[in-house]
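A short worksheet on the structure shown next.
Convention: sequence-line order gives letters A, B, ...; per-chain numbering from 1.
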There are 2 protein chains.
Amino acid sequence: MLNSILFYSLDKAIRSYRRLAQANIDRAGLDITVDQWLVLQVVLEHDDLTQQEIAERVFKDQASVARMLALLVKRGLLLGIPLPNDGRRTRLRVSEAGHQILDAVQPIILANRAVALAGLAENDLTVLRQLLERIAQNCAPVAN
Amino acid sequence: MLNSILFYSLDKAIRSYRRLAQANIDRAGLDITVDQWLVLQVVLEHDDLTQQEIAERVFKDQASVARMLALLVKRGLLLGIPLPNDGRRTRLRVSEAGHQILDAVQPIILANRAVALAGLAENDLTVLRQLLERIAQNCAPVAN
DNA sequence: GCAAGATGTATGATATATCATAGAAATTGC
DNA sequence: GCAATTTCTATGATATATCATACATCTTGC
């Protein structure tokens, strides 16, 4: 039975949450995806990362990040300024429009989390996080 | 910090597992994706479901399932036989090639699960599943 | 300095995710 | 029995996921 498979529950939980999050962002009239929001947030916090570094932080791959960044720049949420010391890269900066959308999304994300985690105690979350981290570690390819 | 966000851990765990699973399937020389495998497995168990019903079982949407079924038929893993009592539908059946690939993938999936869940006690899994189900339920849209 | 290797980015190909909608076929209400 | 509604499937548009690879640029070794 599918229901007895742990990964089914995992998949279901994350997909449910993502749908909820996206629905609430859409409902607020904000034109951004959850994934774009995440990348934008990472750039806000660190504007000197390579695509690969961003990819590791958001757990996507470099190709996905490259396309998302191009889209965010195209939409005017990010600015790409050529880096003088490395001709391959551009320094990314969140634009004014980007800041506005991040500010608008922030409370929605917090509300979503509250809804998603309703009824879970602080201790539950700690246990959950530990188990999930263990699974991720178990699955990680041996680096070397 | 991203690391303190539960959904980050969730996303990371499921993505790690999916990558491991796909890598091992690929390594075995089997030409099927994890998602295709899941759909094929569902059809094997119930050959009279609508796309919508399959979609609910695998927690995808109908459009995704439609495309995956078309691809599975095209690849010869599924057979589509028109249903006499409903001109809109076709009865899906797993082909001989489909059975072969399911049989070949089965042990790999089991091995993957063992690797992913190494070090987790039976009790951990129960707790984990309950918490994940609760989250999914919290996020589910009110049906009516 | 320069050749070899490493790093950073972009993109093609294919698969999946989602919404919206079109079109066909079945069901319902009356 | 037929019109209105519902159900089922397919598909367009756009976004993301992944691998592979092309290409430019940087770094290292010597």
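- In this structure, CD of A:Gln36 is placed 11 Å from P of D:dA17, rounded to the nearest angstrom.
- Heavy atoms of A:Arg67 sit under 4.0 angstrom from at least one base atom.
- Seen from the ring of B:Phe59, A:Arg19 counts as a face-on cation partner, given the 6.0 Å and 45° thresholds.
- Contact of the A:Asn24 side chain with the A:Ile109 side chain is not registered, since no non-hydrogen atoms from C-beta on lie closer than 4.5 Å.
- Distance from the side chain of B:Ala63 is smallest for C:dC19 among the nucleotides D:dT16, C:dA26, C:dC19.
- Using a 4.5 Å heavy-atom cutoff, the side chains of A:Ile81 and A:Thr90 are not in contact.
- Among the heavy atoms of the strands, none lies under 4.0 Å from B:Leu69.
- Using a 4.0 Å heavy-atom criterion, one finds that A:Thr33 contacts the sugar-phosphate atoms exclusively.
- The stretch residues 18-29 of chain B touches DNA chain D through B:Arg19, each having a heavy atom under 4.0 angstrom from the strand.
- Residue B:Arg15 has no polar side-chain atom (N or O) positioned under 4.0 Å from OP1 or OP2 of C:dT16.
- For the pair B:Asp61 CG and D:dA10 C1', the interatomic distance rounds to 13 Å; values are reported in whole Å.
- Grouping the Ile, Leu, Val, Met, Phe, Trp and Tyr side chains by contacts below 4.5 angstrom, directly or via other members, places A:Ile32 apart from A:Leu79.
- Note: CE (B:Met68) to P (D:dT11) measures 17 Å, nearest angstrom.
- You'll find the side chain of B:Arg89 reaches within 4.5 Å of the side chain of B:Asp86, heavy atoms only.
- In this structure, the nucleotide among D:dT9, C:dT16, C:dT9 sitting nearest to the side chain of A:Gln62 is C:dT9.
- In this structure, the side chain of A:His99 engages the main chain of A:Ser95 through a donor-acceptor pair within 3.5 Å.
- Summarising the geometry, the separation between CG on A:Asp11 and P on C:dA17 is reported as 8 Å, rounded to the nearest angstrom.
- At a cut-off of 3.5 Å, with distance as the only test, no side-chain donor of B:Gln137 or B:Glu133 sits close to an acceptor on the other residue.
- Backbone-only engagement by B:Asp86 is indicated by non-hydrogen atom pairs under 4.0 Å involving sugar-phosphate atoms exclusively.
- Toward the 5' end of DNA chain D, the nearer of the two residues A:Asp35 and A:Pro84, judged by each one's closest nucleotide, is A:Asp35.
- Separating the CZ atom of B:Phe59 from the C1' atom of C:dT16 is a distance of 16 Å, rounded to the nearest angstrom.
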What nitrogen or oxygen pairs link the protein and nucleotides 3-6 of chain D at under 3.5 Å?
none

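- In this structure, A:Ile14 atom CD1 and C:dA17 atom C1' are separated by 14 Å, rounded to whole Å.
- Looking at the side chain of A:Ala66, the nearest of the listed nucleotides D:dT16, C:dA15, C:dA10 is C:dA10.
- Listed by chain and residue number, A:Tyr17 satisfy the ring-ring contact (aromatic ring centres under 6.0 Å, His included) test with B:Phe7 (two or more places apart in sequence, or in another chain).
- Nearest-nucleotide positions on DNA chain D for B:Gln52 and A:Arg75 put B:Gln52 closer to the 5' end.
- Shortest non-hydrogen contact noted between B:Arg75 and B:Asp31 is NH1-O, 3.6 Å.
- Put simply, CG on B:Leu71 is 13 Å from P on D:dA10, counting in whole angstrom units.
- In this structure, the NZ atom of A:Lys12 is 16 Å from the P atom of C:dA17, given to the nearest Å.
- Nucleic acid contact for B:Thr50: sugar-phosphate only, since backbone atoms but no base atoms lie under 4.0 Å from a heavy atom of the residue.
- Side-chain atoms of B:Gln51 lie closest to D:dT9 of the nucleotides D:dT9, C:dT9, C:dT16.
- Of the possible polar contacts, one joining the B:Gln22 side chain to the B:Val34 backbone as a donor-acceptor pair under 3.5 Å is found.
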